[in-house]
Amino acid sequence: MENSRQLNPAFFQRSPLDIAPELLGCLLVRELDGVRLAGRIVEVEAYMGEEDAASHAYRGETARNRAMFGPPGHGYVYLIYGIHHCLNVVCGPVGLARAVLIRALEPLAGIEVMRERRGQENMRALCSGPGKLCQALGIDRALDGHDLLGGSALWLEPGVVPGDAICTSPRVGVRGDEAAINAPWRFFLSGNPDVSRTPLNRSQRNS
DNA sequence: GTCAAGATTAGT
DNA sequence: CTAATCTTGACG
């Protein structure tokens, strides 16, 4: 058995490249209508702000991405394609728009509610994708800028550090320059069935 | 005001 | 491979 992460402000006051793989195994908890929904993080991606052509913050601060420039440990939630919401954890320091996108969860609690919210009959791939997990947990822009260390509505909790191998690959669906497209900044638990399905899953293994 | 594009997903 | 669906940001 390994140690739990310390999810204090200092934890998020570092580079997303260090934080992202360490968020694997941590819990994302949502309290919705008095019900506790929770999942274990199994897939994430790091975004490096102004230095990253794939980041929403590449061209500076706007009304939409403002939360990314704010305090670490808070959420950045955006709507994509007019349909899906996606959740990021903002990383420090304040002023640098760095963040980690939560891409997939292994459902742990409130699974029936998640299934209903997703309008899905089976329980597979319930939270396997950034848009899916937000739908399952009822996450939308109302939670943009929310403190994810506050222990209310939506928060992160330490989990057991996974013994599974951590794989990396380029990020899914990004545009930008070659560096952004090729950067191996997606991190996921090797072989975990709740990781989103993509050809990139066959890529490099490390960590 | 107008317009193109988007860190996705489900279905053909 | 493509449609769905609508907010945002850039530009005039």
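As the structure is a prediction and not an experimental result, all values here were calculated from the model. Numbers restart at 1 for each chain; the letters A, B, ... are given by sequence-line order, proteins then strands.
Each of Leu79(A) and Gln135(A) has a nearest nucleotide on DNA chain B; the 5'-most of these lies closest to Leu79(A). With the nearest nucleotide of DNA chain C identified for both Arg141(A) and Tyr81(A), Tyr81(A) has the one nearer the 5' end.
Residue-level contact check: Arg118(A) touches the backbone only, with heavy atoms under 4.0 Å from sugar-phosphate atoms and none from bases. If you check every strand for non-hydrogen atoms under 4.0 Å, Arg64(A) touches sugar and phosphate atoms only.
Rounded to an integer number of Å, the gap from Ile102(A) CD1 to dT8(B) C1' is 16 Å. One can place CD1 of Ile80(A) at 13 Å from C1' of dG9(C), the figure rounded to the nearest angstrom. As rounded to whole Å, 15 Å separates atom P of dA3(C) from atom NE2 of His84(A). Rounded to whole Å, the distance from CZ on Arg197(A) to P on dT9(B) is 14 Å. When rounded to the nearest whole Å, the span between OH of Tyr58(A) and P of dG9(C) equals 17 Å. Spacing between atom NZ of Lys132(A) and atom C1' of dG11(B) amounts to 12 Å, rounded to whole angstrom units. Rounded to whole angstrom, the span from the CZ atom of Arg103(A) across to the P atom of dT9(B) amounts to 6 Å. With rounding to whole Å, Asn65(A) atom CG is found 18 Å from dT7(C) atom P.
Between the side chains of Arg186(A) and Asn201(A), at least one donor-acceptor pair of N or O atoms lies under 3.5 Å. When only modelled atom types and interatomic distance are considered, Arg115(A) and Gln120(A) share no side-chain donor-acceptor pair under 3.5 Å. Side-chain contact annotation: His56(A) with Tyr76(A), donor-acceptor N/O pair under 3.5 Å present. At a cut-off of 3.5 Å, with distance as the only test, a side-chain donor of Ser196(A) or Glu43(A) sits close to an acceptor on the other residue.
With a 3.5 Å ceiling on both atom-pair distances, dA7(B) lacks any Watson-Crick or G-U wobble partner.
Rounded to whole Å, the separation between the P atoms of dT5(C) and dT2(B) comes to 23 Å.
The pair Arg98(A)-Asp18(A) does not meet the salt-bridge criterion, since no charged nitrogen lies less than 4.0 angstrom from a carboxylate oxygen.
In this structure, of dT5(C), dG9(C), dT8(B), it is dT5(C) that holds the atom nearest to the side chain of Ile83(A). Here the side chain of Ser55(A) is nearest to one of dA4(C), dA7(B), dG9(C), namely dA7(B). Out of dA7(B), dA10(C), dT9(B), the shortest distance to the side chain of Val174(A) is found at dA7(B). Side-chain atoms of Val172(A) lie closest to dT8(B) of the nucleotides dG9(C), dA7(B), dT8(B).
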